S.K.: 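Following this message is one structure expressed as C-alpha cells.
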Amino acid sequence: EGRTVYGNIRKTIHFLMSCNIGEILVVLVSFLLRTPTPLLPAQLLWVNLVTDSLPAIALGVDPADADSMEQPPRRGNSLFSDGMVSRIALEGAMIGMLALLAFGIGHIYFDEERAYITGRTMAFAVLSLSQLIHAFNMRSEHSLFRISPLGNPMLLLAFFIGCLMQIGVIMVLPLAEIFKVCPLNGTEWLIVGALALTPLPVVELEKLCDRRRRKK
C-alpha cells in the first residue's frame, strides 16, 4: 500500500509539472519571438481547469502495478529520482511544441480571413487534449500495452468529461464567443487529433529507451 501511494504521488506530480511546463513554454516562446500570443489568459485557465483537476485526482487513486512488490526498496531516493526531472522537461517541451505547431498550422494554412483565431483555437484544443491523453502515459513505467486500459475507470471518466468540456467550448457558439475561439472544420479537427495523440508514441519510445538504459 505504501508503494502504491508513493507511486501515485510521483505520477500526479510528473503529470502536473510536465503539463504546466508545456503551457509556460507556449507563452514564453511566443513572447521571445514577438509573435501573437497563441493563448489568452482565460484559455490557459480553462486548460488548467480541464487537465489539472479530474485527471490528476484519478491518477492519485491509480491501482498498483502488478510487479510493484518485485521492485527493490527505495532507500533515501528523491521523489524526482530515476530520471524523472529530464522526463518532465522533455514531455513539457513536447506538449508546448505541439500547441505551437497547431497554432502555426492554423494560422498559416487555414481560413485566411480569420487565420489568427483559427490557429489560436487549434492551439487551445491541442494543448488541452494532448494533456488529457498524456495522463494515460503516467499510469505506469511500463508500456501501456502491458497494462489494462480499463484498470482505472476514474481516469477514463475524467478523460471523456474533459474531452466533452473542451469540444463543447469550441463548438458551442455562445461558449466559443466567450473564449474567443471559433468552431473547427473536419480537416482542422483531424490535425488537432493527430497532434494531440503524439504524446502516446513519444512517451512509449521514451519508456523503451529508459528500460534499455536500466538493463545496461
Side-chain angles (χ1 to χ4, degrees), residues 1-23 46-72 74 79 82-84 87-88 90-92 94-95 98-99 102 124-171 186 189-212 214-215:
E1 189 66 22
R3 291 183 179 207
T4 303
V5 172
Y6 180 84
N8 288 348
I9 291 172
R10 277 175 56 96
K11 293 174 189 178
T12 305
I13 291 175
H14 187 162
F15 172 69
L16 291 175
M17 291 191 69
S18 59
C19 292
N20 281 278
I21 286 175
E23 295 170 17
W46 176 260
V47 170
N48 283 326
L49 173 66
V50 170
T51 61
D52 288 0
S53 54
L54 294 180
I57 293 171
L59 286 172
V61 295
D62 201 44
D65 283 335
D67 64 345
S68 61
M69 294 305 296
E70 297 174 14
Q71 304 301 320
R74 297 180 181 274
L79 192 67
D82 299 328
M84 184 170 164
R87 291 183 60 186
I88 287 173
L90 174 64
E91 293 159 13
M94 171 192 63
I95 290 171
L98 288 172
F124 180 44
V126 167
L127 186 63
S128 181
L129 296 177
S130 64
Q131 292 182 32
L132 290 172
I133 290 170
H134 184 49
F136 290 94
N137 289 324
M138 299 295 100
R139 288 201 56 213
S140 176
E141 296 291 330
H142 301 301
S143 170
L144 288 179
F145 298 105
R146 292 184 55 185
I147 61 176
S148 170
L150 304 177
N152 189 339
M154 283 192 64
L155 185 57
L156 289 172
L157 180 62
F159 172 76
F160 287 117
I161 290 175
C163 286
L164 287 174
M165 291 173 65
Q166 184 63 39
I167 294 171
V169 158
I170 294 173
M171 300 306 291
W189 273 118
L190 283 175
I191 294 172
V192 166
L195 292 175
L197 287 170
T198 301
L200 290 178
V202 170
V203 176
E204 281 294 305
L205 180 61
E206 181 185 56
K207 290 178 180 179
L208 177 61
C209 294
D210 188 56
R211 288 195 297 271
R212 290 182 175 179
R214 291 186 182 186
K215 284 182 180 180

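Just so you know, these numbers come straight off a predicted model, no measurement behind them. Quick note: residue numbers are just sequence positions, from 1.
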S.K.: Report yes if some heavy atom in the side chain of Ile13 is under 4.5 Å from a heavy atom in the side chain of Met84; otherwise report no.
M.R.: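 Result yes, sub-4.5 Å side-chain heavy-atom pair found.
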S.K.: Side-chain contact, heavy-atom cut-off 4.5 Å: Phe160 with Leu132?
M.R.: no
S.K.: Working to the nearest 0.5 angstrom, can you tell me the gap between Leu155 CG and Leu157 CG?
M.R.: 9.5 Å
S.K.: I need the minimum non-hydrogen distance between Phe15 and Ala56, along with the two atoms involved.
M.R.: CE2-N, 4.2 Å
S.K.: Do Arg146 and Ser140 make a side-chain contact, defined as non-hydrogen atoms from C-beta onward lying under 4.5 Å apart?
M.R.: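 No. Closest side-chain heavy atoms not under 4.5 Å.
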S.K.: Please report the interatomic distance CG(Leu54) to CG(Leu49), rounded to the nearest 0.5 Å.
M.R.: 8.0 Å
S.K.: When rounded to the nearest 0.5 angstrom, what distance separates CD in Glu23 from CD in Gln131?
M.R.: 4.5 Å
S.K.: Do side-chain atoms of Glu204 reach the backbone of Leu200 as a donor and acceptor pair under 3.5 angstrom?
M.R.: no
S.K.: Donor-acceptor check, side chain of Asn137 to backbone of Pro199, threshold 3.5 angstrom: yes or no?
M.R.: yes
S.K.: Are Ser143 and Leu208 close enough that some pair of their side-chain heavy atoms sits under 4.5 Å apart?
M.R.: no
S.K.: If you define the side chain from C-beta out and look only at heavy atoms, does anything of Glu91 sit under 4.5 Å from Met138?
M.R.: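 Yes, their side chains come closer than 4.5 Å.
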S.K.: So, for Ile95 and Ser130, which heavy atoms are closest and what is the spacing to 0.1 Å?
M.R.: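 Nearest pair, atom of Ile95 first, then Ser130: CG2-OG, 3.9 Å.
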S.K.: Listing request: all side chain to side chain donor-acceptor pair (under 3.5 Å) pairs with a residue in residues 161-170, at least two apart in sequence or in separate chains.
M.R.: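 Every side chain to side chain donor-acceptor pair (under 3.5 Å) pair that includes a residue of residues 161-170, provided the two are not neighbours, is Trp46-Gln166, Ser128-Gln166.
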S.K.: What are the two closest heavy atoms between Ala125 and Val192, and how far apart are they?
M.R.: CB-CG1, 3.8 Å
S.K.: Under a 4.5 Å cut-off applied to non-hydrogen side-chain atoms, are Phe159 and Ile133 in contact?
M.R.: yes
S.K.: Is there a donor-acceptor contact under 3.5 Å from the side chain of Arg87 to the main chain of Val203?
M.R.: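 Answer holds: no.
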S.K.: Looking only at atom types and distance, does a side-chain atom of Lys207 sit under 3.5 Å from a main-chain N or O of Leu144, one as donor and one as acceptor?
M.R.: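 Not a single qualifying donor-acceptor pair exists.
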S.K.: Give the minimum heavy-atom separation between Asn8 and Asp62, together with the two atoms involved.
M.R.: ND2-O, 2.9 Å
S.K.: Would you give the length of the straight line joining atom CG of Leu195 to atom CG of Leu129, rounded to the nearest 0.5 angstrom?
M.R.: 10.5 Å
S.K.: Can you tell if the side chain of Asn20 reaches within under 4.5 Å of the side chain of Asn48, non-hydrogen atoms only?
M.R.: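 When only atoms from C-beta onward are counted, Asn48 and Asn20 do touch, with a gap below 4.5 Å.
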S.K.: Testing the basics here: between Gly60 and Thr12, what is the closest heavy-atom pair and its distance to 0.1 Å?
M.R.: N-OG1, 3.8 Å
S.K.: Closest approach of Lys11 and Pro63, non-hydrogen atoms and distance?
M.R.: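 Between these two residues, the closest heavy atoms are NZ-O, 4.0 Å.
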